[in-house]
J.: 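My questions all concern the structure below.
Only a predicted model underlies this, so the values are computations on that prediction, with no experimental measurement involved.
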Amino acid sequence: MKLVDINLAESVVLFGGSAPPVPNPNRDILGGKGLGLQEMGRIGVDVPPGFTLITPLCQVYEKGDDLPNEVWDLVMEAIKQVEKDTGKKFGAEKNPLLFSCRSGAAISMPGMMDTVLNIGLNDTTVEALAKETDARFAYDSYRRLLDMFGDVTLGMPHEAFEETMNSLKMKYGVKNDVEFTADHLKELVVLYKNVYKERNQVFPDVPLEQLRSCIKAVFGSWNSERARKYREIKSITGLIGTACNIQTMVFGNLGQTSGTGVAFSRNPSSGEAKMMGEYLINAQGEDVVAGIRTPEPISKMKEVLPEAYDQFVKNVKLLERHFGDMQDVEFTVENGKLWMLQCRSGKRTGHAAFKIAVDMVNEGLTTKEDALMRIDSDHVRQILHPTFSKEALSSSRYTENVVAVGLAGGPGAAVGKIVFNTSEAEKLAHEKVILVREVTSPEDVGGMWASQGILTARGGITSHAAVVARGWGKPCVCGCEDLLVDEQAGKMTIKSTGKVFKEGDVISINGSTGEVVGVEIETSSVSVEGPFGVVLDWADQIADSLKVLANADSGADAAKARELGAQGIGLTRTEHQFFSPDRLPVVRRWILRGEGLDKVREFQRSDFRDIFKAMNGLPVTVRMLDPPLHEFLPRPSQVDDDMAKTLGYEDPDDLIDAIQSMHEENPMLGLRGCRLAIVREGLTTMQVEAIMHAAADLKEKDPTADPRPRIMIPLVGNVAEFKHQALEVKAAAKRVLEIRNLNSTDIPFEVGTMIEVPRAALVSDQLAGLLDEDGTNLCNFFSFGTNDLTQMTLGISRDDAGAFIPKYTEKDILPDDPFKTIDEDGVGWLVKFSALNGRKANPNLSLSVCGEHGGDPDSIKFFDSIGLDYVSCSPFRVPVARLAKAQAAITRQKSSSIGKKDRVLQFVPGN
């Protein structure tokens with residue numbers, strides 16, 4: 001949590017009514033809801049008046065489980081102002097003012113924190129409300145307060161109230177709660193109070209006590225298990241806390257001229273420029289988002305509330321123009337009068353995010369730069385998520401096995417085993433599961449994240465399940481009313497056919513059509529095309545931004561990387577070319593007996609040919625062999641007669657002895673990288689010959705081919721190691737060129753090193769300053785291998801870090817997993833130091849990163865800030881990196897115009 005100072009005198013901020021809008025409202029302080037309410041008031045959209053308790057008060061509350069008296073005094077003053085604006089009195093026996101209490105952090109966390117409606121009702125004020133409106137409405141509002149207050153502030157299970165209501169429905173033969181009469185609801189209020197008594201709880205009759213309890217509950221919900229889990233899943237850090245918004249109640253449950261709804265200015269699943277949403281007549285907001293009743297499409301509202309609908313459409317268009325982004329809005333119509341309750345940038349799928357970005361730029365509503373900044377890295381990942389191909393969708397296996405159809409709640413396709421509860425989903429996540437629920441609640445967040453997809457029997461497209469699924473890119477089918485879910489029995493039944501599916505059965509769901517398929521359907525990946533490709537092209541056009549290369553070890557990987565926009569190969573790990581069953585015995589024989597190096601050369605030559613062909617005209621950086629040898633050797637327990645003979649041993653015991661003789665106590669720091677190449681003479685020459693002959697093969701077949709090899713020496717710790725290997729590389733490369741009647745202009749090649757040992761970073765000036773006998777630089781590039789550099793700098797084994805790093809981040813000992821996001825103060829300092837001194841010694845030195853951090857958006861922002869030339873990551877992270885590097889440059893350029901080379905040189909180690 002980001003700690004901030006607070007001026008208590010300014011901690012309660014009015015909105016709506018006679019309150020002037022706050023100039024330059026701060027989302028971090030007011031929260032997303034609070035900012036939206038201020039902005040709606042500014043542009044003339046009607047919002048019910050109220051006030052916001054700002055986010056820093058969340059920290060104040062956390063310290064003492066209460067707020068200072070000064071803040072409660074400000075709340076009383078704000079209530080008085082709202083009373084003036086509305087002409088009502090809070091807690092009065094005549095014309096009573098009622099409030100809603102809602103959370104609102106700077107980043108939307110749908111359903112994760114708490115809301116209470118109708119605050120201020122008690123046995124007295126409910127009668128006053130009944131006289132001014134009608135008894136049915138008043139007691140409907142009262143029973144809702146009793147339910148929500150008990151759940152939110154006292155921790156009473158919502159199910160207890162729901163079961164009580166269901167019993168009353170059965171008693172009177174009622175299907176939906178709208179069929180209850182006033183007398184039914186009065187009886188329900190009495191029954192709800194009994195729920196309190198059964199749990200030794202007391203509902204406070206004093207309205208101010210109700211409000212204080214609700215405010216404290218909202219601030220307390222910031223650290224609820226579900227909210228913490230959501231922030232952990234979404235990697236949301238650095239927020240101050242949640243704000244608390246107190247707003248005058250307007251009522252959608254006053255009858256047939258009242259209603260409530262939620263809508264998006266554009267389709268959040270497809271991005272289509274058409275409003276999409278839902279509403280309910282004679283209901284309150286929670287009825288829509290909680291999935292308690294299945295609502296009507298927003299377009300039908302025009303038929304029953306035409307004037308309110310027309311005004312609503314105007315408001316939504318106005319808000320979209322004002323914010324320059326797709327809007328998610330909540331509204332209430334009270335006796336025909338439209339009130340806007342909140343607006344925010346709408347959660348959307350990856351497909352929708354890219355289409356909306358392109359459309360809004362083409363419509364002149366936003367710029368390319370702003371559109372890029374509104375796309376999240378998760379949106380890119382979602383685009384690359386599996387879908388059902390056109391062939392699969394038209395196949396008989398698909399069409400003949402559609403067992404039910406619900407609402408299309410979230411994007412893409414999911415296949416998995418059925419589970420019926422969150423704990424089971426989390427436990428079996430590695431097996432790929434589909435979470436099937438009657439209806440989801442915020443408590444299901446962990447299971448939803450662990451699942452491949454979500455299927456619910458109830459709830460609309462704005463229900464909790466659908467909203468969260470879209471935000472995460474999870475396929476979701478909701479409101480599938482043909483399903484009968486029996487969690488206790490571990491089964492779901494298709495009502496129309498009687499077909500039963502049990503826990504563990506495999507199903508497929510199509511979140512784009514709402515179809516549930518009773519068998520496994522093969523999925524496929526998406527390529528870079530349409531709006532996705534357009535936006536990533538915009539990203540590549542951002543000036544002074546990092547280039548994005550890929551880590552690829554085969555021709556197929558290289559081709560996929562290029563398809564996804566990689567501008568070359570930043571790392572080919574040669575040891576990864578030997579794990580196939582036909583190659584592994586050959587490599588093992590070379591390691592153990594020094595035999596078969598020619599065969600190894602031919603394996604590599606073939607692979608490098610494919611890679612150079614796929615990357616024609618772009619750089620290909622090949623790391624010399626860097627295996628901890630234990631990764632290639634069998635365990636002694638695996639040895640048998642056949643293996644021994646294959647590896648050249650008559651007696652299996654001799655093979656076991658050979659394996660054990662190569663045992664290392666710490667192989668990650670043992671004989672690997674340049675050490676192995678220095679000790680095993682001929683290894684470097686063999687690899688360089690494979691690389692250069694592969695490039696020459698391409699030139700021989702096609703004289704216009706343009707292979708561009710870059711040869712990288714790994715695990716260098718001192719200057720002598722690098723010089724030894726660099727001279728051998730250059731000599732071998734020149735010999736191949738002479739043999740093939742080529743020269744260095746035909747196949748330009750470079751030599752560099754991976755900076756992954758801390759000592760190499762400290763002597764970077766010496767490495768970069770080395771000269772060949774002809775006076776040219778021996779080292780043309782540094783590529784920071786941040787995986788090993790992190791491991792060696794922090795003294796943490798990356799293979800064992802999972803045992804404690806999660807606890808470290810949970811306890812704020814580390815801000816992030818350092819193997820996921822760069823440790824700026826330690827490892828990052830070494831990168832800056834090395835880059836500075838390397839570039840001083842060799843102004844033309846290329847600087848890059850090829851560890852896993854090269855695909856992490858937060859790390860990319862750091863690498864951009866210090867002036868590196870490129871990052872390299874796995875092929876499927878290339879689109880994420882392309883977006884992230886553009887966003888980093890756009891953000892930086894708002895405050896600085898310093899170019900790349902100067903950013904490297906501006907680092908001052910002593911500061």
Side-chain angles (χ1 to χ4, degrees), residues 1-4 58-59 62-63 105-107 109 112 220-242 376-378 381 422-423 425-427 429-430 445-450 472 628 665-669 755-759 761 784-834 849-863 865-866 871 873-874 877 880 884:
M1 183 184 286
K2 179 181 176 183
L3 298 177
V4 295
C58 190
Q59 297 180 4
E62 187 177 354
K63 289 177 182 176
I107 295 176
M109 298 167 56
M112 293 304 109
S221 70
W222 175 252
N223 279 318
S224 66
E225 183 178 348
R226 65 177 185 260
R228 288 200 310 270
K229 184 79 173 178
Y230 186 91
R231 293 197 296 273
E232 177 188 334
I233 288 168
K234 294 293 289 179
S235 299
I236 297 172
T237 59
L239 297 187
I240 296 169
T242 183
D376 189 85
S377 58
D378 279 346
R381 296 185 188 101
T422 284
S423 60
E426 292 184 277
K427 185 168 71 176
H430 62 285
V445 62
M448 294 171 74
W449 177 254
W472 287 348
E665 294 297 335
N666 194 340
M668 293 303 291
L669 297 178
I755 303 291
E756 52 193 326
V757 176
R759 190 178 187 279
F784 295 97
T786 52
N787 295 348
D788 270 346
L789 189 59
T790 296
Q791 180 170 237
M792 295 189 199
T793 302
L794 271 66
I796 297 174
S797 164
R798 66 174 184 250
D799 296 323
D800 303 309
F804 63 93
I805 290 293
K807 280 291 182 185
Y808 267 43
T809 55
E810 182 184 319
K811 295 177 182 294
D812 291 328
I813 292 171
L814 288 174
D816 296 290
D817 181 343
F819 292 101
K820 174 178 173 289
T821 298
I822 193 77
D823 161 38
E824 293 186 18
D825 294 338
V827 178
W829 188 95
L830 282 174
V831 172
K832 289 191 289 185
F833 183 86
S834 175
V849 167
C850 62
E852 284 304 304
H853 301 94
D856 172 61
D858 290 333
S859 301
I860 287 171
K861 187 175 182 180
F862 172 74
F863 299 139
S865 74
I866 65 174
V871 295
C873 57
S874 59
R877 297 183 83 185
V880 173

J.: Could you give me the CA-CA distance, side-chain angles and deciding distance for Glu852 and Thr786, then say whether side-chain contact (heavy atoms from CB on, under 4.5 Å) is met?
T.: CA-CA 7 Å; Glu852 284 304 304; Thr786 52; over 6 Å; no
J.: So do the side chains of Thr790 and His853 get within less than 4.5 Å of each other, counting heavy atoms only?
T.: yes
J.: How long is the gap from CD on Glu824 to CZ on Phe863, to the nearest 0.5 Å?
T.: 9.0 Å
J.: Would you say CG of Asp825 has more than 12 non-hydrogen atoms from neighbouring residues, nucleotides or ligands within 6.0 angstrom?
T.: no
J.: Can you label the angle between the Phe804 ring and the Tyr808 ring as parallel, tilted or perpendicular, going by 30° and 60°?
T.: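 Ring orientation of Phe804 relative to Tyr808: perpendicular.
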J.: So how far is it from Ile805 CD1 to Ile796 CD1, rounded to the nearest 0.5 Å?
T.: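 The CD1 atom of Ile805 sits 4.5 Å away from the CD1 atom of Ile796.
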J.: Show the nearest heavy-atom pair for residues Ser221 and Ala227, with the distance to one decimal.
T.: O-CB, 3.5 Å
J.: Just wondering, do Ile822 and Asp856 contact through their side chains at under 4.5 Å, heavy atoms?
T.: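 A side-chain contact under 4.5 Å is absent here.
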J.: If you round to the nearest 0.5 Å, how far is CG of Asp817 from OG1 of Thr809?
T.: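 One gets 7.5 Å once the value is rounded to the nearest 0.5 Å.
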J.: How many angstroms lie between CG in Asp823 and OG1 in Thr793, if you round to the nearest 0.5 Å?
T.: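 Spacing of CG (Asp823) from OG1 (Thr793) equals 8.0 Å.
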J.: Quick one: do Asp378 and Arg381 make a salt bridge, cutoff under 4.0 Å?
T.: yes
J.: Are the side chains of Pro818 and Val827 in contact, using a 4.5 Å heavy-atom criterion?
T.: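 The answer is no; the side chains never approach within 4.5 Å.
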J.: Which heavy-atom pair separates Ala450 from Ala425 by the least distance, and what is that distance?
T.: CB-O, 3.6 Å
J.: Rounded to the nearest 0.5 Å, what separation is found between the OG atom of Ser834 and the CG atom of Leu789?
T.: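 Between Ser834 OG and Leu789 CG, I get 8.5 Å after rounding to 0.5 Å.
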J.: Write down the atom of Val831, the atom of Phe784, and the distance for their closest heavy-atom approach.
T.: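 Taking every non-hydrogen atom into account, O-CZ, 3.8 Å.
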J.: So, taking the atom named CG in Asn787 and the one named CE in Met792, what distance separates them when rounded to the nearest 0.5 Å?
T.: 11.0 Å
J.: Just so I know, are the side chains of Tyr230 and Met448 near enough to count as touching, which here means a heavy-atom distance under 4.5 Å?
T.: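 No - every pair of side-chain heavy atoms lies 4.5 Å or more apart.
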J.: Taking salt bridge (charged side-chain N to carboxylate O under 4.0 Å, His left out) as the test, write out the residues that go with Glu426, two or more places apart.
T.: Lys229
J.: Of the non-hydrogen atoms in Ala105 and Trp222, which two are nearest, and what is the gap between them?
T.: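 Closest heavy-atom pair between Ala105 and Trp222: CB-CZ3, 3.7 Å.
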J.: Of all the heavy-atom pairs spanning Thr242 and Cys58, show the shortest one and how long it is.
T.: O-CB, 3.5 Å
J.: For Arg231 and Met109, indicate whether the former's side chain and the latter's backbone hold a donor-acceptor pair under 3.5 Å.
T.: no
J.: Indicate yes or no for a side-chain donor-acceptor contact from Gln59 to the backbone of Ile240 under 3.5 Å, with no hydrogens or angles considered.
T.: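 Judged by distance alone, yes, a pair lies under 3.5 Å.
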J.: How close do Pro758 and Leu830 get, heavy atom to heavy atom, and via which atoms?
T.: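 The answer is CB-CD1, 4.3 Å.
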